[in-house]
Amino acid sequence: MNQGTPPRLRFAPSPTGPLHPGGVRTALFNYLLARQTGGTFVLRIEDTDQNRFVEGAEQFIIDSLAWCGIKFDEGVHMGGPYGPYRQSERKSMYRQYATELVEKGAAYYAFDTEQELDEMRDRMKASGTASPQYNSITRVNMKNSLSLPADEVRRRLGAGDPYVIRFRMPRNEELRVQDVIRGWVVVNTAQLDDKVLFKSDGMPTYHLANVVDDKLMRITHVIRGEEWLPSTPLHVLLYRAFGWEDSMPQFAHLPLLLKPDGDGKLSKRDGDRLGLPFYAISWTNPETGETTAGYREAGYFPNAYVNFLALLGWNPGDNREMFTMEELVQLFSLERVNKHGARYDFQKLAWFNQQYLRKIAPADLALMVRPQVEAAGWQTTSGFLEEVCRLMRERLTLVGDFSNMCIYFFEFPRQYDPEVVEKRWKSPVPSCFLSLADALERVDAMGAGELESVFESIVVAAGLKQGQLMQAFRLALSGEVGGPALFEMGALLGRDSVVARLRRAVEMLGHG
RNA sequence: GGUCCGUUCGUCUAGGGGUUAGGACACCAGAUUUUCAUUCUGGUAACAGGGGUUCGAUUCCCCUACGGACUACCA
């Protein structure tokens, strides 16, 4: 199938809201395969449902994928030889295809009103059918061009009666559909219904539009979510009815992304519930004005996010798990995609981010952290900031953690950890610190070495062990229990600040 | 309910007729560290159940259970 010609893949979301992580992963897998094979990657917008259109969703999709480093070759935002790439702009071409199917006997007009449809379903439920279908059995009792006399059909069409075009599903035919990930999937058409292909508002449904566009855009591989597996037989039948089966794309249905715990598929609520970002970039609902945090804004790295997503449902077959986009392009294969759903583990994502963060040079990290520093109103130099980054890098998981974890580098402790105060702030600690402050004032250049030796001399003079004073010293400087190497931290803060912090601590916490 | 898809440590997964069932996250313990983090070492922890096939099944087949998707003039 499609040998010799370079593959053409597409990502075809509908702009009904912000792009879900599952969508990002689908786009990623398509992208990886396109790059690997020297193929083309297309972004097509499936906006055939005018009622569900959400303002800004299309741009959000584009921006999200751009942030992830997923690039297109053709698409709604950049044009290309197979445009337009927005289905609403292709509206005029679908009717002819739907009509063609009617002419070939593979589809028919149906005039049933919503009410009549409901009545049919109620009737069938009442007589024991669990899921009523508009199919080869029931269609004879409905109002359509198969059940109505030809002249009435003509009259209704001529009079402009609203109608839809439905697929004429064969009564009982075994259908074999091949999926790259799942192998052969067999279904009987008796289980399928006469799906609407063309809606009364003049727009096609997904089923028709997707087949027609994939054909017209010469798509060779359809990689999409598992939720499409049940309707793939219909799509195959559509290709067949059009006489396009020879150039039908290969199908691959990706396993779902599941909730981190509990049952069901991953949803925005899971992020909300855990207080974690959910979308690639932040999203503001145009109707409610409500904003959902994004990974970009929270200080995650796009390559960490992509790395994490790539391993949900796919693996290279060995124990490696850190990959650049280039490596993913090289290693990816549909054959190694799992069949079962994968839970979305926020914790593992954080771990990936931490791994990437540690590889960032302090100077670069300083640049990334700058906006937070400014937002906090801290005055600093780039040199100082870089040093803080050098000291704190190992302790951060997210770039966004910086402003919370590094406060004491920029201002005096806001509070002193009560537990440490209780345990360490005892005589003669305060008076030692007063002496330490005095001694430091006589030092000209205070590096980590000088600080340590002065500290040491105070310790000796007081007849104590170094360890007895260290914790309290950290407390005086930062107010916290943990942190980077103490003397390096002190040296970075500078002599004057250290002296001031010591005196202030004694003032605040008393003399023991 | 029906159809389809699935089921290896808590999670992501490797493996595959004979293995001490491997790795990673998380968790726990120890070492290191003034401390937190890091790092290092170690540990707990899995083939859903039942039938076959086979000398042998976690691996192949069937059934059951469980989970999921779909079941719209939504995609």
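Quick caveat: nothing in here was measured; it's all calculated off a predicted structure. Each chain gets a letter, A, B and so on, in the order the sequences are listed, and its residues count up from 1.
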> Starting from P on rU3(B), measure out to CG on Asn135(A) and report it in whole angstrom.
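Checked: the CG to P distance equals 15 Å.
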> Is there a Watson-Crick or G-U wobble partner for rA29(B) with both distances under 3.5 Å, and which nucleotide is it?
rU41(B)
> I'd like to check the ring-ring contact (aromatic ring centres under 6.0 Å, His included) partners of Phe111(A); sequence neighbours left out, ordered by chain and number.
none
> Quick one: salt bridge (charged side-chain N to carboxylate O under 4.0 Å, His left out) partners of Arg390(A), sequence neighbours excluded?
Glu387(A), Glu488(A)
> Base, sugar-phosphate alone, or nothing: which one does Arg320(A) contact when heavy atoms must sit under 4.0 Å apart?
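Counting heavy atoms under 4.0 Å across all strands, no contact is made by Arg320(A).
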> Partner lookup for rA46(B), please. Criteria are Watson-Crick or G-U wobble with both distances under 3.5 angstrom; report none if nothing qualifies.
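Result: none.
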> Distance check needed: rG2(B) P versus Met124(A) CE, whole Å only.
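The distance from CE of Met124(A) to P of rG2(B) comes to 15 Å, rounded to the nearest Å.
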> Of all residues at least two apart in sequence or in a different chain, which pass the side-chain hydrogen bond (donor to acceptor under 3.5 Å, both in side chains) check with Glu226(A)?
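Glu226(A) satisfies side-chain hydrogen bond (donor to acceptor under 3.5 Å, both in side chains) with no residue once adjacent residues are dropped.
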> What's the CZ-C1' distance between Arg25(A) and rC12(B), to the nearest Å?
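The distance from CZ of Arg25(A) to C1' of rC12(B) comes to 12 Å, rounded to the nearest Å.
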> Would you say rA37(B) has OP1 or OP2 under 4.0 Å from some side-chain N or O of Arg393(A)?
no
> Count the heavy atoms of every other residue, nucleotide or ligand shown that sit under 6.0 Å from NZ of Lys143(A), and state whether that count exceeds 12.
no
> Can you list, in residue-number order, the parts of residues 454-479 of chain A that come under 4.0 Å of RNA chain B, counting heavy atoms only?
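Going residue by residue through residues 454-479 of chain A, the ones with a heavy atom under 4.0 Å of RNA chain B turn out to be Met470(A), Gln471(A), Arg474(A).
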> Got a sec: does the CD of Glu422(A) have more than 12 other heavy atoms crowding it under 6.0 Å?
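Counting other residues, nucleotides and ligands, CD of Glu422(A) stays at 12 neighbours or fewer.
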> Indicate, with a heavy-atom threshold strictly under 4.0 Å, whether Pro255(A) touches base, sugar-phosphate, or nothing.
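Nothing, no heavy atom under 4.0 Å.
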> Using a 4.0 Å heavy-atom cut-off, does Arg336(A) contact any base of the nucleic acid, only the sugar-phosphate backbone, or nothing at all?
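The answer is sugar-phosphate, as Arg336(A) gets under 4.0 Å only of primed atoms, P, OP1 or OP2.
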> Provide the Watson-Crick or G-U wobble partner of rA21(B), both distances under 3.5 Å; none if there is no partner.
none
> In this structure, how many angstroms lie between the C1' atom of rU3(B) and the CD atom of Glu174(A), rounded?
14 Å
> Could you grab the distance from atom CE of Met203(A) to atom CG of Asn51(A), nearest 0.5 Å is fine?
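Here the interatomic distance stands at 10.0 Å.
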> What's touching nucleotides 69-75 of chain B from the protein side, N or O pairs under 3.5 Å?
from    : atom 1 : to        : atom 2 : distance (Å)
rC73(B) : OP2    : Arg166(A) : NH2    : 3.4
rC73(B) : O2     : Ser200(A) : N      : 2.8
rC73(B) : O2     : Ser200(A) : OG     : 2.7
rC73(B) : N3     : Ser200(A) : OG     : 2.9
rC73(B) : N4     : Asp112(A) : O      : 3.3
rC74(B) : OP2    : Lys199(A) : NZ     : 3.1
rC74(B) : O2'    : Asp49(A)  : OD2    : 3.0
rC74(B) : O2'    : Arg52(A)  : NE     : 3.2
rC74(B) : O2'    : Arg52(A)  : NH2    : 3.3
rC74(B) : O2     : Arg52(A)  : NH1    : 3.4
rC74(B) : O2     : Arg52(A)  : NH2    : 3.2
rA75(B) : OP1    : Thr48(A)  : OG1    : 2.8
rA75(B) : OP1    : Lys199(A) : NZ     : 2.7
rA75(B) : OP2    : Tyr206(A) : N      : 3.2
rA75(B) : O3'    : Glu46(A)  : OE1    : 3.4
rA75(B) : O2'    : Ser14(A)  : OG     : 2.8

> Using purine N1 to pyrimidine N3 plus N6-O4 or O6-N4 for Watson-Crick, or N1-O2 and O6-N3 for G-U wobble, both under 3.5 Å, which nucleotide pairs with rC60(B)?
rG52(B)
> Near RNA chain B, under 4.0 Å by heavy atom, which residues of residues 338-355 of chain A?
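Per residue number, the list reads Asn338(A), Lys339(A), His340(A), Ala342(A), Arg343(A), Asp345(A), Gln347(A), Lys348(A), Trp351(A).
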> Closer than 4.0 angstrom, basic N to acidic O: yes or no for Asp318(A) and Arg320(A)?
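A salt bridge links Asp318(A) with Arg320(A).
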> So which of residues 183-191 of chain A are in contact with RNA chain B, with a heavy-atom cut-off of under 4.0 Å?
Val185(A), Val186(A), Val187(A), Gln191(A)
> Could you work out, with side-chain hydrogen bond (donor to acceptor under 3.5 Å, both in side chains) as the rule, every residue matching Lys265(A), not counting sequence neighbours?
none
> In whole Å, I'd like the distance from the CE atom of Met489(A) to the C1' atom of rC36(B).
11 Å
> Would you please name every residue forming a side-chain hydrogen bond (donor to acceptor under 3.5 Å, both in side chains) with Glu46(A), sequence neighbours left out?
Arg44(A), Gln87(A)
> From Thr129(A) OG1 over to Met120(A) CE, what is the distance, rounded to the nearest 0.5 angstrom?
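So the gap between those two atoms works out to 10.0 Å.
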> Which distance, rounded to the nearest 0.5 Å, do you find between the CG of Leu477(A) and the CG of Leu492(A)?
11.0 Å
> For residues 189-209 of chain A, which residue pairs pass the ring pair (Phe, Tyr, Trp, His ring centres under 6.0 Å) check, not counting sequence neighbours?
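Qualifying pairs, neighbours excluded: Tyr206(A)-Trp228(A), Tyr206(A)-His235(A), His207(A)-His235(A).
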> Taking only residues two or more places apart in sequence or in another chain, which ones pass side-chain hydrogen bond (donor to acceptor under 3.5 Å, both in side chains) with His20(A)?
none
> Could you give the NZ-to-P distance, from Lys359(A) to rU38(B), as a whole number of Å?
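Interatomic distance, NZ of Lys359(A) to P of rU38(B): 17 Å.
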> So does Arg121(A) pair up with Asp118(A), basic N to acidic O under 4.0 Å?
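Salt bridge flag = yes for Asp118(A) with Arg121(A).
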> Could you pull out the protein-nucleic contacts involving nucleotides 63-66 of chain B (nitrogen or oxygen on both sides, under 3.5 Å)?
none

> Tell me whether the guanidinium CZ or amine NZ of Arg336(A) lies under 6.0 angstrom from the six-membered ring centre of Trp314(A) and within 45° of its axis.
no
> Provide the distance between the two P atoms, one in rU71(B) and one in rC62(B), to the nearest whole Å.
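It comes out at 28 Å once rounded to the nearest Å.
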> Could you tell me whether Lys195(A) and Asp193(A) have a side-chain N and a carboxylate O separated by less than 4.0 Å?
yes
> If you check every side-chain atom of Asn315(A), which of rU34(B), rA14(B), rA37(B) has the closest atom?
rA14(B)
> So, Asp194(A) and Arg166(A), do they make that salt bridge, N to O below 4.0 Å?
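No.
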> With a 3.5 Å limit on both atom pairs, tell me what rC4(B) is paired to, counting Watson-Crick and G-U wobble, or say none.
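By the stated definition (distances under 3.5 Å), rG68(B) pairs with rC4(B).
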> In this structure, how many angstroms lie between the P atom of rA14(B) and the CG atom of Leu312(A), rounded?
12 Å
